[in-house]
Number of protein chains: 2
Amino acid sequence: MSHQRLDIATAVRAHGHRLTPQRQIILDTLCEMGGHVTVAALYEQVSGRFPAIDRSTVYRGLDFFAELGLVRATDVGGAAVYEIAGPPEANGHAHHHLICRDCGFIDHVSGEAFNAFAGRLRREFGFAVDVEGLTIYGLCRECNEGAAA
Amino acid sequence: MSHQRLDIATAVRAHGHRLTPQRQIILDTLCEMGGHVTVAALYEQVSGRFPAIDRSTVYRGLDFFAELGLVRATDVGGAAVYEIAGPPEANGHAHHHLICRDCGFIDHVSGEAFNAFAGRLRREFGFAVDVEGLTIYGLCRECNEGAAA
DNA sequence: CTGAGTGCAAACGCTTTGCAGACAG
DNA sequence: CTGTCTGCAAAGCGTTTGCACTCAG
């Protein structure tokens, strides 16, 4: 489940960039935390272990990895959320987010359910949905059951 | 297509609030501009005619009307976008946004296409999509044809 | 009259940027 | 060595808030 450092070093250098300790730490931490992580949460974690690392470095590092395609960025209510990007051949073709308005939990939705919907939007509206364009707010199963009125 | 002032005055007073000139101007302007309007754009317009009106008043006014259900707020990339809310019986039960990543145009999607999708999410993920929860990014018909590779 | 609403100005949270120094290659 | 990257500090953006004053009811 963890990223292989060598591959990453290769990927980074392939683009003519450098693999600094800071970047390794940022990526490692994001990987350890798993799932979707706020910049704030990630910085807190990183900063706990390496207080010298600056917030701006975290932002720049995440941005950098996002451009390399190693992490994925999502905008949630004005704040950025990052996650490790799975290998393209795994589930890369459909990656959308279900965000629980109560507990903030973020899940993925992919596959048929979405494709059928996207197909209709293209047919009926001529609208081509982005591969990563869907962010759906609502109540997850737990919060939904908890809030049963 | 325009809102009736008397009804609005009634609605406002019914909640024990006041219908000030500023609020009328804000609502009028939003109504005239039509469709989805940025706070920045709305303020610019309002400010052009009534320079004394403050940005914060626009924010508070929009917030106020949103609570009354007269306008609808949507978050687009960290900035708020407002629109006149149609009467509940018209299309109130399904109101979602298609946002073009190129030209920024915002359209609505409602009805079957969405309901089928929402139904599947509920069945397969136990996730209850918000009535206003969908914001879909992609390319609208025009931009899609223009960018034909 | 009286308190809901306003304008002003300052602060907020998240993110970005300019710069001089540091270090991966 | 050299130019990418870092830390620092400051600014930027959209938005919110505290305050005394004003005006709709």
Side-chain angles (χ1 to χ4, degrees), chain A residues 5-6 8-29 36-68 70-71 73-82 104, chain B residues 5-6 8-29 36-68 70-71 73-82 104:
Chain A
R5 304 231 179 152
L6 290 181
I8 291 190
T10 307
V12 168
R13 281 194 233 99
H15 290 248
H17 294 295
R18 297 178 184 172
L19 186 55
T20 61
Q22 289 90 334
R23 286 180 174 171
Q24 289 188 48
I25 290 163
I26 290 168
L27 195 54
D28 277 4
T29 308
H36 301 80
V37 181
T38 341
V39 178
L42 180 59
Y43 172 68
E44 198 183 353
Q45 193 78 6
V46 165
S47 180
R49 301 191 224 177
F50 304 87
I53 294 183
D54 191 69
R55 223 184 228 87
S56 63
T57 302
V58 174
Y59 276 104
R60 287 190 273 223
L62 289 171
D63 212 49
F64 170 73
F65 286 125
E67 266 171 38
L68 290 193
L70 294 175
V71 308
T74 314
D75 192 81
V76 176
V81 165
Y82 287 84
Chain B
R5 304 228 180 156
L6 289 181
I8 291 189
T10 307
V12 168
R13 282 195 229 98
H15 289 249
H17 294 294
R18 298 177 184 170
L19 186 56
T20 61
Q22 289 90 335
R23 287 181 173 169
Q24 290 188 48
I25 290 162
I26 290 167
L27 195 55
D28 276 4
T29 308
H36 302 80
V37 181
T38 338
V39 179
L42 180 59
Y43 172 68
E44 199 182 351
Q45 194 76 8
V46 166
S47 181
R49 299 191 226 176
F50 305 87
I53 293 185
D54 193 69
R55 224 185 226 75
S56 63
T57 302
V58 174
Y59 276 104
R60 288 190 273 224
L62 288 170
D63 212 49
F64 170 74
F65 286 125
E67 267 171 38
L68 290 194
L70 293 175
V71 307
T74 313
D75 192 83
V76 175
V81 166
Y82 288 83

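Only heavy atoms go into these numbers, but all of them, side chains included; no hydrogens, no water, no symmetry mates. Source: prediction; values computed, not measured.
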Along DNA chain C (nearest heavy atom to each residue), the more 5'-positioned of B:His17 and B:Pro51: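 Its nearest nucleotide being more 5', the pick is B:His17.
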Pair of N/O donor and acceptor under 3.5 Å linking D:dG14 base with B:Arg55 side chain: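 Side chain to base: no pair present.
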Nucleotides bounding contact with chain A, strand DNA chain C, heavy-atom threshold 4.0 Å: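 Contact span on the strand: C:dC14 to C:dG25.
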Gap between atom CZ of A:Arg49 and atom CD of A:Gln45 - 0.5 Å precision: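 Nearest 0.5 Å value for the CD-CZ distance: 5.5 Å.
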Minimum side-chain heavy-atom gap A:Gln22-A:Arg60 below 4.5 Å: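 No - every pair of side-chain heavy atoms lies 4.5 Å or more apart.
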Give the rounded distance in Å between these two atoms: [atom1] of [X] and [atom2] of [N].
| X | N | atom1 | atom2 | result |
| --- | --- | --- | --- | --- |
| A:Phe65 | D:dC5 | CZ | P | 10 Å |
| B:Leu42 | D:dT15 | CG | P | 11 Å |
| A:Asp54 | D:dA9 | CG | P | 9 Å |
| A:Ile53 | D:dG7 | CD1 | C1' | 11 Å |
| A:Ile26 | D:dC5 | CD1 | P | 12 Å |
| B:Phe64 | D:dT16 | CZ | P | 16 Å |
| B:Glu44 | D:dG14 | CD | C1' | 15 Å |
| B:Leu62 | D:dT16 | CG | P | 10 Å |

Short side-chain N/O contact to D:dT16 OP1/OP2 from B:Tyr59, under 4.0 Å: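 No, outside the criterion.
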OP1 or OP2 of D:dT6 under 4.0 Å from side-chain N/O of A:Thr20: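 Indeed, a polar side-chain atom of A:Thr20 lies that close.
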Test side chain to side chain contact (heavy atoms under 4.5 Å, CB included) applied to A:Val12 and A:Ile8, step by step: CA-CA 6 Å; A:Val12 168; A:Ile8 291 190; 4.2 Å; yes
Which part of the nucleic acid, if any, lies within reach of [X] when heavy atoms closer than 4.0 Å are counted: base, sugar-phosphate only, or nothing?
| X | result |
| --- | --- |
| B:Ala40 | nothing |
| A:Arg60 | base |
| A:Arg23 | sugar-phosphate |

Intermediate values then yes/no, side chain to side chain contact (heavy atoms under 4.5 Å, CB included), A:Phe65 and A:Leu27: CA-CA 8 Å; A:Phe65 286 125; A:Leu27 195 54; 3.9 Å; yes
Stepwise side chain to side chain contact (heavy atoms under 4.5 Å, CB included) check, A:Tyr82 with A:His36: CA-CA 5 Å; A:Tyr82 287 84; A:His36 301 80; over 6 Å; no
Residue met sooner reading DNA chain D from 5', once B:Val39 and B:Pro21 are mapped to nucleotides: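 Nearest nucleotide further toward 5': that of B:Val39.
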Chi angles and distances behind the side chain to side chain contact (heavy atoms under 4.5 Å, CB included) call for B:Arg18, B:Arg13: CA-CA 6 Å; B:Arg18 298 177 184 170; B:Arg13 282 195 229 98; over 6 Å; no
A:Thr57 side chain to A:Ile53 backbone, donor-acceptor under 3.5 Å: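 Side chain of A:Thr57 to backbone of A:Ile53: no pair is present.
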